[in-house]
Amino acid sequence: MRSGLRQAILISLFLATTVVIGFKPHPSGTQGAVGELLVSAGEAPVAIAAPGTAPELSPTTVATSVVTAPPTAGSRQLEIEVYPSDADAVMEIHDITGSQAVNGATFTGELEGVVTVDVTAEGFRAESHTIGAEVGGRREVFLDPSDQAVDRLVAFVTGSAPKQVAFTPDGSELWVTLLAGSGLEIHSPTTGELLAEIDLPEAGSVEIIFDHAGETAWVSQMETARVYEIDVASRQIRRTLETGGSWTKVMALSVDETRLWASNWVSNDISEFDLATGEMVRRIPSVATPRGLAAVGDTLYVAGYDGGDIEAIDLATGEGTVLEHTGGAMRHLVADPSGDVVYASDMARDAIFVIDARTGTVSHLATTDRLPNTIDLTPDGRLLAVSNRGRNNPDTYSLPGPQWGSVLLIDTASGEVLDAIVGGNQPTGLDISSDGRMLAYSDFLDNRVTVVEVPPFDDLAAAGGGRADTYKAELEK
């Protein structure tokens, strides 16, 4: 009933084409779901699972890590899998009984006590993993190219159309919005284990933000123009905020967390809420198709997708000033922790812009790959991560395009790319943990999320650019 209603709403509002999709396997050995229906919906495609279909995993697909804990720390069954599975891997496995060498990408057997797994393969960086004495079941080891600076930790399958990912402030959970689902999922960022699902009325979800304490989450729902306030510990909806607008997208909190703003994509305005009462206090007119938001002091910055406008709204008066018009498609904003700088991604111009919050001037920072989406900063503001969807399919962006997407790590001082990750079909959601050590991104059309470990900035800067000079050769399918 709900999925049928959702599909009818999407089709009637956007009058887009419906197509059947399949996915070409990724060079790393991963592939996405097959047999879904896609409805093109405004800025990004919306995947709706066809009746009787579900994401399938081939034997070489990166799967959800499942970790089980036996009642004792003695001998237990372990499955160890190396990805990519076609790598010519050699495993050295050590437990309290001794060591053994395994040629190949899989191992299944009884091991005892703390286990160390050292993996080598030609063309890949050596990996070493320790498995606690209390951990059994399946463990995965991900090999990264030898010139990759970041370290892939886990990749896991999600529900339909993972639009955004967000770490809880303590880094213990990763929340994933499902644009074509019935709510959102909560996973372990270190194992990929599904911890919980939160069902939302009527539709899926778009974006998530947390308060600084990690006690409250706000989740936007596009079709209903609502924001749900959720208790993080209990997973329960506390209250529903009706924006009064149309197609609500991104949210922003004031520094003191007394105000919340939500951008309304179709009604071209911003809803402002008093969080003490839950009441909407006003709707502020904005530039066309407002998406990204960033609140800095008494100014709310707005990314206008239609036309590539960057607007600064004076929160005292509600008056807006366009600081830049690129003719492109501004998508996402993120403010530096100092509040002096705001970064913006322009999907049409394949560029990152910098707004000086003190002077209101806008400058170009870096050129990206095709269709940059979500951006985020490390806590020190020195590193900017950018997800890039890759070149669109010539028929419709609802289908996988001719390129794999990417994630770029950019030095905010110089605009230099310090490392690059080859992603899957349309990397979209992206978030960096509050300690700066983990980065997660979603492959929107593959229903998959990947988590990587990010080295400290100085180590990353000393890595010679990581894959910046080599990854582009792998983007073409």
Side-chain angles (χ1 to χ4, degrees), residues 25-30 62 82-89 119-128 140-155 345 350-352 365-378 382-391 401-432 436-443 446 448-477:
H26 189 284
S28 68
T30 64
V62 177
V82 177
Y83 294 99
S85 59
D86 58 358
D88 189 15
V119 183
T120 57
E122 186 176 356
F124 296 92
R125 188 176 62 232
E127 297 284 346
S128 182
E140 296 164 337
V141 178
F142 296 94
L143 295 176
D144 293 300
S146 56
D147 54 351
Q148 187 86 65
V150 301
D151 185 17
R152 184 168 56 161
L153 298 177
V154 68
S345 61
D350 300 334
I352 300 298
L365 174 69
T367 298
T368 66
D369 294 325
R370 287 294 292 131
L371 304 177
N373 277 246
T374 310
I375 57 178
D376 198 19
L377 284 165
T378 50
R382 301 175 72 186
L383 189 70
L384 181 76
V386 184
S387 65
N388 304 275
R389 268 184 15 194
R391 199 162 66 249
Q403 286 185 323
W404 302 113
S406 65
V407 175
L408 303 181
L409 301 180
I410 297 174
D411 182 344
T412 57
S414 66
E416 178 185 1
V417 177
L418 300 183
D419 201 11
I421 303 166
V422 176
N425 285 296
Q426 294 192 7
T428 299
L430 181 143
D431 192 38
I432 295 175
R437 298 176 60 185
M438 290 185 291
L439 178 153
Y441 67 92
S442 66
D443 290 320
D446 294 340
R448 182 176 61 235
V449 168
T450 300
V451 181
V452 302
E453 183 179 19
V454 181
F457 179 85
D458 290 339
D459 293 346
L460 192 60
R467 304 211 72 212
D469 294 331
T470 59
Y471 81 100
K472 287 189 177 182
E474 299 174 19
L475 294 181
E476 299 296 324
K477 295 181 179 177

Contacts under 3.5 angstrom, residues 143-151 side chains, donor-acceptor by atom type, not counting sequence neighbours:
from: D144; atom 1: OD2; to: R125; atom 2: NH2; distance (Å): 3.2
from: D144; atom 1: OD2; to: R152; atom 2: N; distance (Å): 2.9
from: D147; atom 1: OD1; to: R467; atom 2: NE; distance (Å): 2.9
from: D147; atom 1: OD2; to: T470; atom 2: OG1; distance (Å): 2.7
from: Q148; atom 1: NE2; to: D419; atom 2: OD1; distance (Å): 3.2
from: Q148; atom 1: NE2; to: D419; atom 2: OD2; distance (Å): 3.1
from: Q148; atom 1: NE2; to: A420; atom 2: O; distance (Å): 2.8
from: D151; atom 1: OD1; to: R125; atom 2: NH2; distance (Å): 3.4

Report the C-alpha distance between S406 and V422 in whole Å, list the side-chain angles of each, state the deciding distance to 0.1 Å, and finish with yes or no for side-chain contact (heavy atoms from CB on, under 4.5 Å).
-> CA-CA 5 Å; S406 65; V422 176; 5.9 Å; no
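- Closest approach of D443 and P427 over heavy atoms only: OD1-CG, 3.4 Å.
- Remark: D369 CG to R389 CZ distance equals 13.5 Å, nearest 0.5 Å.
- The structure places CG of N388 at 8.0 Å from CG of L371, a figure rounded to the nearest 0.5 Å.
- Listed for the T450 side chain is no donor-acceptor partner under 3.5 Å among the backbone atoms of A155.
- Here the shortest heavy-atom pairing between A385 and L409 reads CB-CD2, 3.7 Å.
- How far OH of Y441 is from OG1 of T374: 13.5 Å, rounded to the nearest 0.5 Å.
- Among all heavy-atom pairs drawn from P455 and D459, the shortest one is CB-CB, 4.1 Å.
- With hydrogens and angles ignored, the 3.5 Å screen pairs a side-chain donor or acceptor of T378 with a backbone N or O of L383.
- Taken to the nearest 0.5 Å, the CG atom of L408 stands 12.0 Å off from the CD1 atom of I375.
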Salt bridge (Lys or Arg N to Asp or Glu O under 4.0 Å) between D350 and R391, intermediate numbers included | CA-CA 11 Å; D350 300 334; R391 199 162 66 249; over 6 Å; no
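- Taking every heavy atom of both residues into account, G424 and D446 meet most closely at CA-OD2, 3.5 Å.
- The line from OH of Y83 to CD of E140 is 4.5 Å long, rounded to the nearest 0.5 Å.
- One distance of note links CG of L439 with CG of D431; it measures 8.0 Å at 0.5 Å rounding.
- L365 and T412 get closest at one heavy-atom pair: CD1-O, 3.6 Å.
- Proximity of V454 to I432: side-chain heavy atoms (C-beta onward) are nowhere separated by under 4.5 Å.
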Output, in order, the C-alpha distance, side-chain angles, deciding distance and verdict of side-chain contact (heavy atoms from CB on, under 4.5 Å) for F142 and V451.
-> CA-CA 11 Å; F142 296 94; V451 181; over 6 Å; no
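- Of all heavy-atom pairs spanning P372 and V386, the tightest one is CB-CG1, 3.8 Å.
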